Amino acid sequence: MDIKKYLQEKKEIVDLALEKYFPNQPNSIEGEVFPASLHKAIRYSLFAGGKRIRPILSMAAFESVGEREIRFFLFPVL
């Protein structure tokens, strides 16, 4: 497999997981609204470039031992 293609595919998986846990709009937690300024800072940090290699390496290690169900282990990697 082409390494650029592999990295792009895994980056998309990580980005989707990040978007799931940190959507554009802050969620309420137990009736309290997550502070917008904190939510914005978290998203800025998470979605800045260069933050995908560690999760991608973890996925590659996971796959190297024969596992394929990455969705079960993505949250701890993020």
Side-chain angles (χ1 to χ4, degrees):
M1 173 181 258
D2 177 38
I3 188 69
K4 286 184 181 184
K5 182 179 176 185
Y6 180 84
L7 291 173
Q8 183 60 35
E9 287 174 4
K10 299 307 177 195
K11 179 188 178 301
E12 290 170 9
I13 291 171
V14 173
D15 285 344
L16 286 173
L18 287 172
E19 193 61 50
K20 177 183 176 183
Y21 292 108
F22 296 96
N24 258 342
Q25 299 299 315
N27 295 329
S28 64
I29 300 171
E30 297 178 13
E32 294 184 30
V33 176
F34 199 67
S37 59
L38 180 58
H39 182 78
K40 184 178 177 181
I42 290 170
R43 279 190 58 87
Y44 175 82
S45 176
L46 287 175
F47 289 93
K51 301 281 199 279
R52 305 298 179 267
I53 194 66
R54 202 169 289 139
I56 292 171
L57 288 173
S58 296
M59 285 187 275
F62 190 72
E63 291 172 353
S64 74
V65 295
E67 298 296 331
R68 296 285 176 240
E69 289 294 325
I70 294 208
R71 64 189 171 97
F72 292 117
F73 107 111
L74 258 184
F75 185 73
V77 169
L78 299 175

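Just so you know, these numbers come straight off a predicted model, no measurement behind them.
Within the 4.5 Å cutoff, side-chain heavy atoms of Ile13 are placed close to those of Lys10. Between Leu7 and Arg52, the closest side-chain pair of non-hydrogen atoms is not below 4.5 Å.
The two atoms that bring His39 and Asn24 nearest to each other are NE2-O, 3.5 Å, heavy atoms only. When every heavy atom of Phe22 is checked against every heavy atom of Phe47, the shortest pair comes out as O-CE1, 4.2 Å.
For Glu19, the salt bridge (Lys or Arg N to Asp or Glu O under 4.0 Å) partners are Arg43, not counting sequence neighbours. Judged as a side chain to side chain contact (heavy atoms under 4.5 Å, CB included), and not counting sequence neighbours, the contacts of Glu12 are Gln8. Among residues two or more places apart in sequence or in another chain, the side chain to side chain contact (heavy atoms under 4.5 Å, CB included) test is passed with Lys4 by Asp2. Legend: residues meeting side-chain hydrogen bond (donor to acceptor under 3.5 Å, both in side chains) with Lys40, ordered by chain and number and at least two apart, are absent. Every residue two or more places apart in sequence or in another chain that forms a side chain to side chain contact (heavy atoms under 4.5 Å, CB included) with Ile53 is listed here: Leu57.
A donor-acceptor pair under 3.5 Å is absent between the side-chain atoms of Ser45 and the main chain of Ala41, judged by distance alone.
Hydrophobic clustering keeps Leu18 apart from Tyr44 (ILVMFWY residues linked when any side-chain heavy atoms are closer than 4.5 Å, directly or through intermediates).
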